[in-house]
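Heads up, the thing below is written out as structure tokens.
Here the structure is a predicted model, which is why all the values come from computation and not from measurement.
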Amino acid sequence: MDKDTVRNKFFDAGVKTHTKDGIHKWLEIGPGAHGTLTKMVLRAHEECTIVAIEAVEDSCKQIRKLLKQDRRRLVVLHGYAGEVALPTNSNFTALIAEILGHFGSR
């Protein structure tokens with residue numbers, strides 16, 4: 001997904017628009033190993049936090065390592081959305097997911 005610059009411009013514009021409107025607590029389903037959308041959210045505003053749910057354990061390890069400098073604003077949970085326990089203080093104001101990747105990985 002990192003290399004799809006045309007599509008990523010639309011995601012980035014949407015994230016920036018919402019963060020300007022005060023949307024700072026994000027839930028992401030399926031960040032993958034590279035965390036393309038995760039990085040967009042974290043870079044959009046210093047108050048943004050994100051909980052990311054990833055089904056592939058190796059991808060969880062890779063994104064945690066890649067974004068270790070953001071660990072106070074990022075939680076990566078291993079499991080499936082709807083099955084994994086979310087942090088108790090989760091008051092999300094936005095949901096983000098790159099759904100085509102979910103279909104492509106099947």
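- With hydrogens and angles ignored, the 3.5 Å screen pairs a side-chain donor or acceptor of Arg73 with a backbone N or O of Cys48.
- From Tyr80, atom OH reaches atom CG of Leu77 across 14.5 Å, with rounding to the nearest 0.5 Å.
- Among Val76, Val75, Val84, the single residue meeting the side-chain contact (heavy atoms from CB on, under 4.5 Å) criterion with Ile53 is Val84.
- No path of Ile, Leu, Val, Met, Phe, Trp and Tyr side chains, each step under 4.5 Å between heavy atoms, connects Phe10 with Val41, placing them in separate hydrophobic clusters.
- Lys25 contributes no side-chain N or O that, together with a main-chain N or O of Val51, makes up a donor-acceptor pair within less than 3.5 Å.
- Contacts of Lys61 classified as salt bridge (Lys or Arg N to Asp or Glu O under 4.0 Å), with partners at least two apart in sequence or in another chain: none.
- Sequence neighbours left out, the pairs with a member in residues 37-76 that pass ring pair (Phe, Tyr, Trp, His ring centres under 6.0 Å) are His24-His45.
- Taking all atoms of both residues into account, the shortest heavy-atom contact from Met40 to Val15 is O-CG1, 3.8 Å.
- For the atom pair OG1 of Thr49 and CG of Asn91, the computed distance is 10.0 Å after rounding to the nearest 0.5 Å.
- With rounding to the nearest 0.5 angstrom, the OG1 atom of Thr36 is 8.5 Å from the CD1 atom of Ile63.
- Taking CG from Leu27 and OG1 from Thr93, the interatomic distance works out to 10.0 Å, rounded to the nearest 0.5 Å.
- How far CG of Leu74 is from CH2 of Trp26: 14.0 Å, rounded to the nearest 0.5 Å.
- Residue pairs meeting the ring pair (Phe, Tyr, Trp, His ring centres under 6.0 Å) criterion with at least one member in residues 53-77: none, sequence neighbours excluded.
- Using a distance-only test at 3.5 Å, with no hydrogens or angles considered, a donor-acceptor pair links the side chain of Glu54 to the main chain of Gly32.
- A salt bridge links Arg43 with Asp70: at least one charged nitrogen is closer than 4.0 Å to a carboxylate oxygen.
- When side chains are defined from C-beta on, Phe92 counts as touching Leu86, because their heavy atoms get closer than 4.5 Å.
- Considering only heavy atoms from C-beta on, Gln69 comes within 4.5 Å of Leu67 through its side chain.
- Among all heavy-atom pairs drawn from Glu98 and Arg7, the shortest one is OE2-NH1, 3.0 Å.
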